[in-house]
Amino acid sequence: METGSIPLSSLPGGFDVHATLESGQSYLWRREDGRMYEGDEDGSPWYYIALDLDEQDAATVPLPDGDPHAIRFRVAADSLEWEATCDAHDALVHLLRLDDDLDAIVADAPDEALIGEAYDAYRGLRLVRDPPFGCTVSFICSAQMRVERIHEMVSTLAREYGEPVTLDGRTYHAFPTPDRLAAATEAELRDLGLGYRAPYVQRTAEMVATGEAHPASAAGLAYEDAREYLTRFVGVGEKVADCVLLFSLGYDEAIPLDTWMRTVVSDYYPDCDRGNYTETSRALRERFGGRYAGYVQTYVFHLLRTRE
DNA sequence: TATCCAAGGTAAGTT
DNA sequence: AACTTACCTTGGATA
């Protein structure tokens with residue numbers, strides 16, 4: 001086992017791990033105490049992730065040698081401490097976007113009440129950078145589901161099809177590789193509670209496993225072209241595509257237009273409702289300051305979902 | 001106890 | 001291209 005730490009003072013804008021990992025951006029991390037989404041964090045719990053990535057996903061995550069690997073960390077008084085099966089420093093910085101300058105991103109936001117309230121309430125919330133395949137399947141599962149249940153579904157897939165990885169005596173399960181998921185049947189996935197998403201997950205996994213396409217291949221395309229590319233996967237429409245762009249591929253301007261954001265549009269920015277996804281998305285992106293509009297979206301989403 | 005409803009939507013069929 | 005409808009499952013609200 002290797003260990004290390006990262007001083008919190010080196011993270012501009014701080015790091016709120018609870019807000020970052022329990023706000024519905026990533027479903028690939030879990031809390032050691034199993035109390036994900038069950039209220040405020042109790043002390044400083046450990047969070048862990050196991051990684052067993054295919055070639056394209058592995059190329060996006062800076063790990064020192066081949067998969068699989070497990071990483072866990074917690075945020076102590078003045079540092080982030082980690083333990084892993086390898087030197088995980090660079091992978092943590094990558095996955096949790098610890099190199100983002102939050103102060104600069106917040107300063108870049110439009111001066112509006114709702115946005116200011118969200119940024120003030122959850123300062124330290126960072127976007128995540130999930131491996132593309134796991135992120136894509138997570139959000140295929142997210143259709144018409146509550147955040148807690150999406151997490152359950154992804155955990156179930158990992159338990160049933162994922163590679164076990166042992167770290168210091170504890171065994172974790174990585175999100176399954178495309179091959180392993182492609183080999184599952186629709187019936188099996190339905191039995192695991194995926195409902196009508198079962199064939200979407202299987203067919204998308206098959207597209208990736210056979211090399212027909214890969215979510216990581218969208219990286220580098222112009223934003224709206226990248227979104228269009230991702231919709232070729234079964235179960236991926238414009239909203240899920242925006243989630244993958246924002247939470248995996250670093251398109252910080254992407255604003256997933258979900259039910260919460262549509263409520264925001266009708267309650268706060270009715271003039272941004274242009275009747276269709278693309279145009280409404282463009283209008284809201286403009287209103288959210290453009291370049292980091294997705295950062296604004298994530299804070300506002302979390303604020304609306306957690307207040308009251 | 002039985003029904004209804006909405007949950008971070010998408011695909012397929014119809015105008 | 002815009003509009004409808006069906007779709008699995010589950011927990012919480014309503015009757």
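Each chain gets a letter, A, B and so on, in the order its sequence line appears, and its residues count up from 1.
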Out of B:dA11, C:dG11, C:dC8, minimum distance to the side chain of A:M145 belongs to C:dC8
Would you say A:F15 ends up clustered with A:W82 if hydrophobic residues are merged whenever their side chains have heavy atoms under 4.5 Å apart, either directly or through other cluster members?
yes
Could you check how far CZ of A:R197 sits from C1' of B:dA11, rounded to whole Å?
13 Å
Proximal nucleotide (of C:dC8, B:dT10, C:dG11) relative to the A:R190 side chain:
C:dC8
Provide the distance between the two P atoms, one in C:dT5 and one in B:dC5, to the nearest whole Å.
16 Å
Which residue is it: A:Y47, A:F73, A:Y48? I am looking for the one with a ring-ring contact (aromatic ring centres under 6.0 Å, His included) to A:W29.
A:F73
Rounded to whole angstrom units, what separation is found between the CD atom of A:Q144 and the C1' atom of B:dA7?
6 Å
To the closest 0.5 Å, what do you measure between CG (A:L102) and OH (A:Y292)?
10.0 Å
Among C:dT9, B:dG9, B:dA6, find the nucleotide with the atom closest to the side chain of A:A143.
B:dG9
Atom OH of A:Y196 to atom C1' of B:dA6: distance rounded to whole Å?
11 Å
If pairing requires Watson-Crick or G-U wobble contacts with both distances under 3.5 Å, which nucleotide is the partner of C:dC8?
none
How many whole angstroms separate atom CZ of A:R262 from atom P of B:dA7?
13 Å
Do A:Y277 and B:dG9 have a side chain to base donor-acceptor pair shorter than 3.5 Å?
no
Could you go step by step and tell me if A:Y223 and A:D252 meet the side-chain hydrogen bond (donor to acceptor under 3.5 Å, both in side chains) rule?
CA-CA 10 Å; A:Y223 165 56; A:D252 295 347; over 6 Å; no
Just the rounded figure in Å: distance from P of B:dG9 to CH2 of A:W260.
11 Å
A:R149 CZ to C:dG11 P: how many Å, rounded?
7 Å
Could you check how far CG of A:L257 sits from P of B:dA7, rounded to whole Å?
16 Å
Using atom CD of A:E152 as one end and atom C1' of B:dA7 as the other, report the distance to the nearest whole Å.
13 Å
May I ask you to say what A:Q297 touches in the nucleic acid, namely base, sugar-phosphate or nothing, with a heavy-atom cut-off under 4.0 Å?
base
Contact class for A:Q25 vs. all strands (heavy atom < 4.0 Å): base, sugar-phosphate, or nothing?
base
Taking the same atom, P, in B:dG13 and in C:dC8, what whole-Å distance lies between them?
14 Å
Indicate yes or no: at least one non-hydrogen side-chain atom of A:Y268 is less than 4.5 angstrom from one of A:V300.
no
Nearest-nucleotide comparison on DNA chain B, the residue closer to the 5′ end among A:V147 and A:V236:
A:V147
Would you classify A:T204 as touching base, sugar-phosphate or nothing, given that sugar-phosphate means primed atoms plus P, OP1 and OP2, and contacts are heavy atoms under 4.0 Å?
nothing
Assuming nearest nucleotide by heavy-atom distance, tell me which of A:R203 and A:D258 is located more 5' along DNA chain B.
A:D258
